[in-house]
Number of protein chains: 2
Amino acid sequence: MRPTIDDVAKTANVSKATVSRYLNGHFERMSAATRDRIAAVVAQLGFVPNRQASALKSRRTHLIGVVVADLANIYSTLLITGINDVTKEAGDQILVAGAGNDLAEEKRVLHLLIGQGVDGIILQPMSQDSHQYDFVRLAGIPMVIVDRDSLPRRHVTVASSDYSASRTLAETVIRAGYKDIIVFANPVQLVSSRMLRYRGFADVGQDHHIPVTLLETHGDSAAEADVSMIGAWLTAHPGHRPAVFTTNGRLLMAALFWMQDQGLQTPRDLGICGYDDWDWARLAGPGITSVNQHPQQIGQKAAEFLYQAVNGTPAPATRIEIPATLDLRHSL
Amino acid sequence: MRPTIDDVAKTANVSKATVSRYLNGHFERMSAATRDRIAAVVAQLGFVPNRQASALKSRRTHLIGVVVADLANIYSTLLITGINDVTKEAGDQILVAGAGNDLAEEKRVLHLLIGQGVDGIILQPMSQDSHQYDFVRLAGIPMVIVDRDSLPRRHVTVASSDYSASRTLAETVIRAGYKDIIVFANPVQLVSSRMLRYRGFADVGQDHHIPVTLLETHGDSAAEADVSMIGAWLTAHPGHRPAVFTTNGRLLMAALFWMQDQGLQTPRDLGICGYDDWDWARLAGPGITSVNQHPQQIGQKAAEFLYQAVNGTPAPATRIEIPATLDLRHSL
DNA sequence: TTGAAAGCGCTAACAT
DNA sequence: ATGTTAGCGCTTTCAA
C-alpha cells in the first residue's frame, strides 16, 4: 500500500542505508547523482517515511503531547495555537488531550501520551501536588507546566501574572468608588491560579478596608454556574452596589447572562469585571473591563522551554510569568 | 529507561507473547494465575506499552488526525471537542493540525499525518477540488470531510445545513421589513459553505425582489476585515437602513466592532445578523440574531463515520447535514 | 561514497 | 495455556 524505504531503495538501486541518509539530510558524502536519483524515486512513488518505524530506533517521535483541563475552553484553543506556532517550525505535531477537569482522566491521557512516545508534554495540571506527575518524570519525558502551579516545582512553569494583575484590577475597582467587592469563582483551593486571583483582590481589599466576599460555585460552564449566589448577596444587602470580579471567562459570561435575565445593568446596578477577555467582552453591555492573559504567548513560551528540555538542556524549574494586560472599559 | 515488554516477561517468568496477549486483553485461555502475575509486574514496573512498536506490526496507531483551516477559530475548538468525545471512547488520541488557511500548508500537514501513520483523518478542506486529496486515498487512509464540500465527493462529508439555514434567516430579515440586504463575506467562490450561505440570501432576495449586495473582504480576523466597505455602501445609499448578514463569527465580530467605533446602533441604524453564535452574540448590543452550527455535533458525527471506515465498513460518500439553529434576538 | 546486518519493542502465526 | 519465531520499516554502527 504505502511504499517503504525498501521499495525506494530497490527502484533507485541503492541500499536502504543510503535512502535513510538521504531522508535525514546526511548529504555530506553522497554523490549528487544518487541524491537526485533517490529524490526522483521518492517523488515518483509518493514515499512518506513511516515515523513509527523511525521512532523505534531513533527515539524521536516528533510528537508533542498537550493536556489541557478542558478542551472546549477558549483558553485551550489559544494555548494550543501558540504551541503549534512553535512545534510547526520544528516539523513536529501535537497530540492534544483534554482532562475533562478530572484528575483520573488526566492521568489516563498522560499514560496514553507516554504510550505514544511523545518527545515532550505540556500540561495544564489538575493537581497542585507535583508528585502526581512523578510517573512522567520516571518515564524520562520532558514536561512543561502551564497556567497553574504544581508544587514542589519540578518543571518549568509558564503562567500569567495572576496575582499582580488581580491586584491592579482590584485597585482600579476601589478607585472607582466601590465599597463592596464580590469575587465569583470556582473553588479557589483547588487551582493555584484561581487562588492567586482571589488573593490579589483579598489583599488589596484588606489594605483599603473594603470587604471582599468570596462566592464559590462548582458549575464550570456558563449554564451550570450558580450565579444566584450573587442575587442572594444583593437581597441580603439592600442599597449596596458591589463590584463583581469573576475569575474566568465562563463565569464572567455566566454572570452577564444572569444580569441580562434579571434586568440588571452595569455599571448602574453593579460593577463587573473579570478574567479572560476573548474580544467579546468589548461588545457586551457598555464593554466589560477585563484581563487578557495572552494564552497564545503562554503556549509559545511553554513550547520553547519544552524544546530546550527535549534537546537536552533543560532550564531550571522556575515560574515564568507572562504579563496579563487589563482592558479598561465601562463596566465599573 | 522505560521498561519494555521483555522486562515484564522476564520478571513475570513468561514469554513476551503471553504478556502481549495480556496487554491486548486476550484472556480467553490464560490462567488467572499468570494474568494476575503479569498484572502485578506491569503495575510494579509502571510499564506502558510502546505504541510505535505495536503499530509497526498491528497497523493501528490509535491516532486520528484532524486538520482544520484555522486552529485559532472557535469553530475548530468545538469541532475538536466533538471529535475527542468519540475518539476517547475508542481509547484513541487526536493529532491536530492547522492549515493556516493555506492549501500548501494543508498539504504539508497531511503528509506529516500520513507519516505518523494515523488510522484516519478528519479534514476541513481548503480545496473544493477533491483531487487535491488523492494522495491521501492512495495512502489508503480513511478520511471524512467536514464543514465544506470538496468535489467530486470521494468522502463522507459532514456539514451544517448552510443553504437552508441561510434561507430561513433571509426570510426572517425580509419579514422584519428590510428593503436592502448586504452580505459581508470572505470570498465566496473559494469555500463551498460560504457560497451556500450567500446563495441562500441571494435566492430568497430574488424571490422577494429585494436587492442583495455581496461585499467581499479578504481579511480573516476581526482586525483585518475591511468593514469600511459597509460604510461606503451606507454613504452611497443615504437614507437606507440595510440588514447586514455576515457569513462567519469573525466577520460578525468585525462588523460589530466597527459599528461600535462608528457609533452605529442596531437595529436603529442597521440590522445585523450572522453565522456563528458562540454565546457572546447574546450579550452584544441588544442581542444579535445568529446561526449556531453546532460544531461539536459535527465533530462527533464525523468521528463516528470515520470509525466506520477505519473498521472496514465505510459509508457511501454522501453529504450529511447537521441542522443549524437560529437564535432570534433583537438586532433586526 | 555506499552496503550489510543487527536491532528498536511489539504482534501474530504456528507450535507445543 | 504458553512459548518460539519471524518480521513490521526504519536507523545505525561497522565494513568495504
Side-chain angles (χ1 to χ4, degrees), chain A residues 1-39 41-42 45-63 112 114-119 139-141, chain B residues 1-39 41-42 45-63 112 114-119 139-141:
Chain A
M1 184 146 297
R2 271 174 63 189
T4 74
I5 199 174
D6 237 344
D7 300 327
V8 176
K10 291 212 173 92
T11 33
N13 277 312
V14 291
S15 69
K16 300 196 296 178
T18 305
V19 178
S20 176
R21 287 187 194 104
Y22 168 84
L23 293 174
N24 295 294
H26 299 317
F27 303 127
E28 304 93 42
R29 19 196 191 197
M30 181 185 307
S31 73
T34 22
R35 172 158 51 68
D36 297 346
R37 193 145 31 89
I38 296 175
V41 173
V42 164
L45 265 45
F47 169 71
V48 181
N50 178 333
R51 284 223 189 262
Q52 318 285 323
S54 100
L56 212 49
K57 186 108 234 194
S58 70
R59 314 257 126 206
R60 269 276 212 159
T61 54
H62 295 277
L63 253 25
L112 285 179
I114 293 175
Q116 290 289 1
V118 293
D119 293 337
I141 300 182
Chain B
M1 184 143 298
R2 272 174 64 189
T4 75
I5 200 175
D6 238 343
D7 300 328
V8 177
K10 293 215 171 88
T11 32
N13 276 312
V14 290
S15 71
K16 299 196 296 178
T18 306
V19 178
S20 176
R21 287 188 194 103
Y22 168 83
L23 294 173
N24 294 293
H26 299 318
F27 303 128
E28 304 93 43
R29 17 193 194 199
M30 181 185 308
S31 74
T34 24
R35 173 160 48 67
D36 297 346
R37 193 146 31 89
I38 296 176
V41 174
V42 164
L45 264 46
F47 169 71
V48 180
N50 178 334
R51 282 217 189 266
Q52 320 286 322
S54 104
L56 213 48
K57 184 107 236 196
S58 72
R59 314 257 125 205
R60 269 275 214 162
T61 54
H62 295 275
L63 252 26
L112 286 179
I114 293 174
Q116 291 289 1
V118 293
D119 294 336
I141 300 181

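Just so we're on the same page: letters track the sequence lines, and every chain starts at 1.
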Rounded distance (nearest 0.5 Å) linking atom [atom1] of [X] with atom [atom2] of [Y]:
X	Y	atom1	atom2	result
Gln52(B)	Ser58(A)	CD	OG	9.0 Å
Ser54(A)	Arg60(A)	OG	CZ	11.0 Å
Asn13(B)	Thr18(B)	CG	OG1	11.0 Å

Stepwise, does the side chain to side chain contact (heavy atoms under 4.5 Å, CB included) test hold for Gln116(B) with Leu112(B)? CA-CA 6 Å; Gln116(B) 291 289 1; Leu112(B) 286 179; 5.7 Å; no
Counting distance only, does the side-chain N/O of Arg2(B) pair as donor-acceptor with the main-chain N or O of Val48(B) below 3.5 Å?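 Yes, the answer is positive, given that a donor and an acceptor are paired below the 3.5 Å cut-off.
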Any donor-acceptor pair under 3.5 Å linking the side chain of Arg21(B) with the backbone of His26(B)?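 Absent.
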Within the 4.0 Å heavy-atom criterion, would you say [X] contacts the bases, only the backbone, or no part of the nucleic acid?
X	answer
Tyr22(A)	nothing
Thr4(A)	sugar-phosphate
Phe47(A)	sugar-phosphate

Taking 4.0 Å as the cut-off, does a side-chain nitrogen or oxygen of Thr34(A) come that near to OP1 or OP2 on dT2(C)?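 Yes, because at least one side-chain N or O of Thr34(A) sits under 4.0 Å from OP1 or OP2 of dT2(C).
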Ignoring backbone atoms, establish whether Ser31(A) has a side-chain N or O less than 4.0 Å from OP1 or OP2 of dT2(C). yes
Heavy-atom closest pair, residues [X] and [Y]:
X	Y	answer
Leu56(A)	Arg59(A)	O-NH2, 3.6 Å
Ala9(B)	Ser15(B)	CB-C, 3.8 Å
Phe47(A)	Ile5(A)	CE1-N, 3.6 Å

Give the nucleotide from the list dT1(C), dA6(C), dG9(C) with an atom nearest to the side chain of Ile5(B).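 Among dT1(C), dA6(C), dG9(C), the one nearest the side chain of Ile5(B) is dG9(C).
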Minimum-distance nucleotide to Ala17(B) side chain [options: dC10(C), dT4(D), dT1(C)]: dT4(D)
Starting at [atom1] of [X] and ending at [atom2] of [N], how long is that distance when rounded to a whole Å?
X	N	atom1	atom2	answer
Asp6(B)	dG9(C)	CG	C1'	8 Å
Arg60(A)	dC10(D)	CZ	C1'	17 Å
Arg59(B)	dC10(C)	CZ	C1'	13 Å
Gln52(B)	dT11(D)	CD	C1'	14 Å
Asn24(A)	dT13(D)	CG	P	12 Å
Ile114(A)	dG9(C)	CD1	P	16 Å
Leu56(A)	dG7(D)	CG	P	17 Å
His26(B)	dG3(D)	NE2	C1'	16 Å

Enumerate the residues from residues 7-16 of chain A whose closest heavy atom to DNA chain D is under 4.0 Å, giving them by residue number; use none for an empty result. Lys16(A)
List the steps, then state whether side chain to side chain contact (heavy atoms under 4.5 Å, CB included) holds for Tyr22(B) with Val14(B). CA-CA 11 Å; Tyr22(B) 168 83; Val14(B) 290; over 6 Å; no
Could you pick out which residue, Ser54(A) or Lys57(B), lies toward the 5' side of DNA chain D when each is mapped onto its nearest nucleotide?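 Nearer the 5' end of the strand: Lys57(B).
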Want to settle it: does Thr18(A) or Arg2(A) sit nearer the 5' end of DNA chain D, counting the closest nucleotide to each?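 The residue closer to the strand's 5' end, by nearest nucleotide, is Arg2(A).
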Do the side chains of Arg51(A) and Thr61(A) get nearer than 4.5 Å, heavy atoms only?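 With C-beta onward as the side chain, the pair stays apart.
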So if I take the C1' atoms of five pairs at each end of the helix from dT1(C)-dA16(D) to dT16(C)-dA1(D) and get each local axis, what angle do the two axes make, rounded to 10 degrees? 30°
Could you list all N or O pairs between the protein and nucleotides 14-16 of chain C that sit under 3.5 Å apart?
none

For Asp7(B), the option from Val19(B), Leu45(B), Val41(B) that meets side-chain contact (heavy atoms from CB on, under 4.5 Å): Leu45(B)
